[in-house]
Trainee: 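Encoded as structure tokens, here's the structure I'll be asking about.
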Protein chains: 2
Amino acid sequence: MSLPAKKYDVFQAIADPTRRQVLRLLAEKELPISEITSHFPISRTAISKHLKILSEAELVIGRKVGREKIYRLHPEPLTELKQWLSYYEQFWSNKLSVLKHVVEKEEESGLQVVRSKEEMERSSGQ
Amino acid sequence: MSLPAKKYDVFQAIADPTRRQVLRLLAEKELPISEITSHFPISRTAISKHLKILSEAELVIGRKVGREKIYRLHPEPLTELKQWLSYYEQFWSNKLSVLKHVVEKEEESGLQVVRSKEEMERSSGQ
DNA sequence: TTGACATGAAACCAAAAGGTTTTATATAAT
DNA sequence: ATTATATAAAACCTTTTGGTTTCATGTCAA
């Protein structure tokens, strides 16, 4: 009896450039489907499908108002992305973080680490 | 004449769960294709294709050593993802950032903003 | 109440994605 | 020299994706 099993996760949802643009739009303000569509060269139906996918990923929330369906941004699921990313941050970002890991390994191995001020500055440059 | 025009960008590259797992593996240490494959239930050829996609997105780098091709993580392109994400951080995360924007708007409009210490603390709670 | 508007839903389509199997080629080991 | 290993490349297959067109339905306005 597994859970509903969302068909679209955040990673898939943001993989498409059109959907990313839609998110940007909705970040400005909530909009009905027709208005969203007016920003794109594709059909209203296509946009509707993108919205359904974003909706399944819970990146947007739609509510019906009269004959319109108004969507707004719901950014919370992006935290999952952020967490995923955070794992890799240790590997790139500034050279300092690389140094940090070298140091941690050296500390684990019981070595004493001494670096000069000059070395620090060389390492932290972009 | 336009640039090479990468077929796969970071967003697409990380959309697939298998590719995300491959990245995780390579974060531990560099590995030849056959070893990577041994961690998955799919064929070596399939893994090879995933690696090609990751390679196009420049998330991994492969070098030939003897008859093996050894891949290692190259996380730099993830900065693009981070930048993309950073735009949305203002919208979710802590309530404080929401407050921050309210304040900015109020400041724009020339209003003076005064909040109590208690209000600050209430707003910053997870 | 009769259109016009906004969306929903279904049927359809071509291309891309994610696999497989088969065949070829270079390198290593015996 | 021969065989085993590691990968590359090509052909093929099925499902998913991103789009379209067409038709149905609910709501607003005249």
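In the text below, chain A, chain B and the rest are named by the order of the sequence lines, each starting its count at 1. Computed from a predicted model, the values in this text were never measured in an experiment.
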Trainee: For residues 26-42 of chain A, which residues have at least one heavy atom under 4.0 Å from DNA chain D?
Mentor: A:Ile42
Trainee: Rounding to an integer number of Å, can you tell me how far B:Glu56 CD sits from C:dG18 P?
Mentor: 13 Å
Trainee: Got a sec, which pairs hit side chain to side chain donor-acceptor pair (under 3.5 Å) with one end in residues 61-75 of chain A, sequence neighbours left out?
Mentor: A:Glu30-A:Arg63, A:His74-A:Glu76
Trainee: Check every atom of C:dT7, D:dT20, D:dG18 against the side chain of A:His50 and return the nucleotide holding the closest atom.
Mentor: D:dG18
Trainee: Calculate, to the nearest 0.5 Å, the distance between atoms CG and CZ belonging to A:Leu25 and A:Arg20 respectively.
Mentor: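 CZ of A:Arg20 is found 14.0 Å from CG of A:Leu25.
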Trainee: Expressed in angstrom and rounded to an integer, what is the separation of B:Ile47 atom CD1 from C:dT21 atom P?
Mentor: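 For the pair B:Ile47 CD1 and C:dT21 P, the rounded distance is 14 Å.
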Trainee: Whether A:Ser48 contacts C:dG8 is assessed here as follows: a side-chain N or O lying under 4.0 Å from the phosphate OP1 or OP2. Is that the case?
Mentor: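 Yes, because at least one side-chain N or O of A:Ser48 sits under 4.0 Å from OP1 or OP2 of C:dG8.
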Trainee: For A:Tyr87, enumerate each residue passing the ring-ring contact (aromatic ring centres under 6.0 Å, His included) test, keeping only those at least two apart in sequence or located in another chain.
Mentor: A:Phe91
Trainee: Separation of A:Ile70 atom CD1 from C:dC5 atom P, in whole Å?
Mentor: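 Interatomic distance, CD1 of A:Ile70 to P of C:dC5: 18 Å.
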Trainee: Apply the side chain to side chain contact (heavy atoms under 4.5 Å, CB included) test between A:Leu54 and each candidate in A:Leu26, A:Ile14, A:Leu59; give the one that qualifies.
Mentor: A:Leu59
Trainee: How would you list, by chain and number, every residue that makes a side-chain contact (heavy atoms from CB on, under 4.5 Å) with A:Ala15, sequence neighbours excluded?
Mentor: B:Ala15
Trainee: Donor-acceptor pairs are to be reported for all side-chain atoms of residues 39-52 of chain B against protein atoms at under 3.5 Å, with residues two or more places apart or in another chain.
Mentor:
from: B:His39; atom 1: ND1; to: B:Glu35; atom 2: O; distance (Å): 3.0
from: B:Ser43; atom 1: OG; to: B:Ala46; atom 2: N; distance (Å): 3.1
from: B:His50; atom 1: ND1; to: B:Arg19; atom 2: NH1; distance (Å): 3.1

Trainee: For A:Glu58, enumerate each residue passing the salt bridge (charged side-chain N to carboxylate O under 4.0 Å, His left out) test, keeping only those at least two apart in sequence or located in another chain.
Mentor: A:Lys6
Trainee: When clusters are formed from ILVMFWY side-chain contacts under 4.5 Å, directly or step by step, what else is grouped with A:Ile61?
Mentor: none
Trainee: Cluster partners of A:Val65, using ILVMFWY side-chain heavy atoms under 4.5 angstrom, listed by chain and number?
Mentor: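 A:Val65 clusters with A:Ile70.
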Trainee: Return no unless some side-chain N or O of A:Tyr8 is found under 4.0 Å from OP1 or OP2 of D:dT16.
Mentor: no
Trainee: Mind listing the residues from residues 14-22 of chain B sitting with a heavy atom below 4.0 Å of DNA chain D? Number order is fine.
Mentor: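 Residues of residues 14-22 of chain B that come under 4.0 Å of DNA chain D do not exist, since none gets that close.
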Trainee: Answer whether the closest heavy-atom distance between the side chains of A:Leu81 and B:Tyr88 falls below 4.5 Å.
Mentor: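 A side-chain contact is absent here, since even the closest heavy-atom pair is not under 4.5 Å.
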Trainee: How long is the straight-line distance from CG of B:Leu85 back to OG1 of A:Thr79, given to the nearest 0.5 Å?
Mentor: 9.5 Å
Trainee: Between A:Ser43 and A:Val65, who's closer to the 5' end of DNA chain D by nearest nucleotide?
Mentor: A:Ser43
Trainee: What is the separation between atom CZ on A:Arg63 and atom C1' on C:dA6, rounded to the nearest whole Å?
Mentor: 15 Å
Trainee: Can you measure B:Lys7 atom NZ to C:dG18 atom P for me and round it to whole angstrom units?
Mentor: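 Interatomic distance, NZ of B:Lys7 to P of C:dG18: 11 Å.
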Trainee: Atom NZ of B:Lys7 and atom CD1 of B:Ile53: how far apart are they, to the nearest 0.5 Å?
Mentor: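 Rounded to the nearest 0.5 Å, the NZ-CD1 separation comes to 7.5 Å.
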Trainee: Taking all atoms of both residues into account, what is the closest heavy-atom pair of B:Ala57 and B:Ala13, and its distance?
Mentor: CB-CB, 3.7 Å
Trainee: Would you tabulate the nitrogen or oxygen pairs shorter than 3.5 Å linking the protein to nucleotides 9-12 of chain D?
Mentor:
none

Trainee: With sequence neighbours left out, what residues match B:Asp16 under salt bridge (charged side-chain N to carboxylate O under 4.0 Å, His left out)?
Mentor: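 Counting only residues at least two positions away or on another chain, B:Asp16 forms no salt bridge (charged side-chain N to carboxylate O under 4.0 Å, His left out).
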Trainee: Each nucleotide N or O in nucleotides 23-27 of chain C that has a protein N or O under 3.5 Å away: list the pair and distance.
Mentor:
from: C:dT27; atom 1: O2; to: B:Arg67; atom 2: NH1; distance (Å): 3.4

Trainee: In whole angstroms, how far is the P atom of C:dG18 from the CZ atom of A:Phe11?
Mentor: 15 Å
Trainee: With a 4.0 Å limit, can you tell me whether B:Gln12 has a side-chain N or O closer than that to the phosphate oxygens OP1/OP2 of C:dA17?
Mentor: yes
